[in-house]
Asks: 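What follows is a structure written as structure tokens; I'll ask about it next.
These values consider heavy atoms only, across backbone and side chains, with no hydrogens, waters or symmetry-generated copies. All values reported here derive from a predicted model rather than from experimental measurement.
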Amino acid sequence: MHEFTDNDKSAAKADVVRDDFEAMLKALRAGKLDDGTSVRGVVVVADDRLTRRPGDYERFVEAFTYNDGFVFADAKQTKNLYSEDVESMGL
């Protein structure tokens, strides 16, 4: 398991680059980490820390659904990010 974390970086400010968020999007699209480890999903400890702006949520879902069959889970349950109502989940 690999952990991406951008502690002490505000996701709400447009000019802040969250390096690990960007690395996570890259890994999701590639289906693997830089070291070649396979990526098959995401477990989020706190939903409100994943994305703070609608554009970031859209970028996350786009990267996540780039490949088929990934699994997404938060503290409460797994969620199907391939479903038609995925946009409303992020609002």
Asks: Out of curiosity, Asp47 CG to Asp74 CG, how far, rounded to the nearest 0.5 Å?
Replies: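 Asp47 CG to Asp74 CG: 4.0 Å, rounded to 0.5 Å.
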
Asks: Is there a donor-acceptor pair under 3.5 Å between the side chain of Thr65 and the backbone N or O of Val61?
Replies: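 Pair found, side chain donor or acceptor close to backbone of Val61.
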
Asks: Looking at OH of Tyr82 and CG of Asn67, how far apart are the two atoms once the value is rounded to the nearest 0.5 Å?
Replies: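 These two atoms lie 6.5 Å from each other.
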
Asks: Can you tell if the side chain of Arg40 reaches within under 4.5 Å of the side chain of Val71, non-hydrogen atoms only?
Replies: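 They are not in side-chain contact.
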
Asks: List the steps and the verdict of side chain to side chain contact (heavy atoms under 4.5 Å, CB included) for Leu25 and Phe64.
Replies: CA-CA 7 Å; Leu25 297 182; Phe64 186 93; over 6 Å; no

Asks: Just verifying a value: how many Å separate Asn80 CG and Phe70 CZ, rounded to the nearest 0.5 Å?
Replies: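 Separation between the atoms: 14.0 Å.
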
Asks: For this output row, return yes or no: ring centroids of Phe72 and Phe60 closer than 6.0 angstrom.
Replies: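 Yes, ring centres under 6.0 Å apart.
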
Asks: If I take atom CG from residue Asp19 and atom CE from residue Met24, how far apart are they, to the nearest 0.5 angstrom?
Replies: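 Answer rounded to 0.5 Å: 12.5 Å.
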
Asks: Is there a side-chain contact between Leu28 and Val42 in this structure, where contact means two heavy atoms from C-beta onward sitting under 4.5 Å apart?
Replies: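 Answer yes - side chains close enough.
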
Asks: If you count every heavy atom of other residues, nucleotides or ligands that lies below 6.0 Å from Asp8 atom CG, does the total exceed 12?
Replies: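 Not more than 12 within 6.0 Å, no.
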
Asks: Is any side-chain heavy atom of Arg59 closer than 4.5 Å to one of Arg53?
Replies: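 Arg53 does not reach Arg59 side chain to side chain.
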
Asks: How far does CG of Asp20 sit from CG of Asp6, to the nearest 0.5 angstrom?
Replies: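 Answer for the CG-CG pair, Asp20 versus Asp6, is 4.5 Å.
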
Asks: Can you check side chain to side chain contact (heavy atoms under 4.5 Å, CB included) on Val43 and Glu3, steps first, answer last?
Replies: CA-CA 9 Å; Val43 175; Glu3 182 177 317; over 6 Å; no

Asks: Using the rule that Ile, Leu, Val, Met, Phe, Trp and Tyr join whenever any side-chain heavy atoms are under 4.5 Å apart, tell me whether Tyr66 and Leu50 fall into a single cluster.
Replies: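 No.
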
Asks: What distance separates His2 NE2 from Lys32 NZ, expressed to the nearest 0.5 Å?
Replies: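 Answer for the NE2-NZ pair, His2 versus Lys32, is 15.0 Å.
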
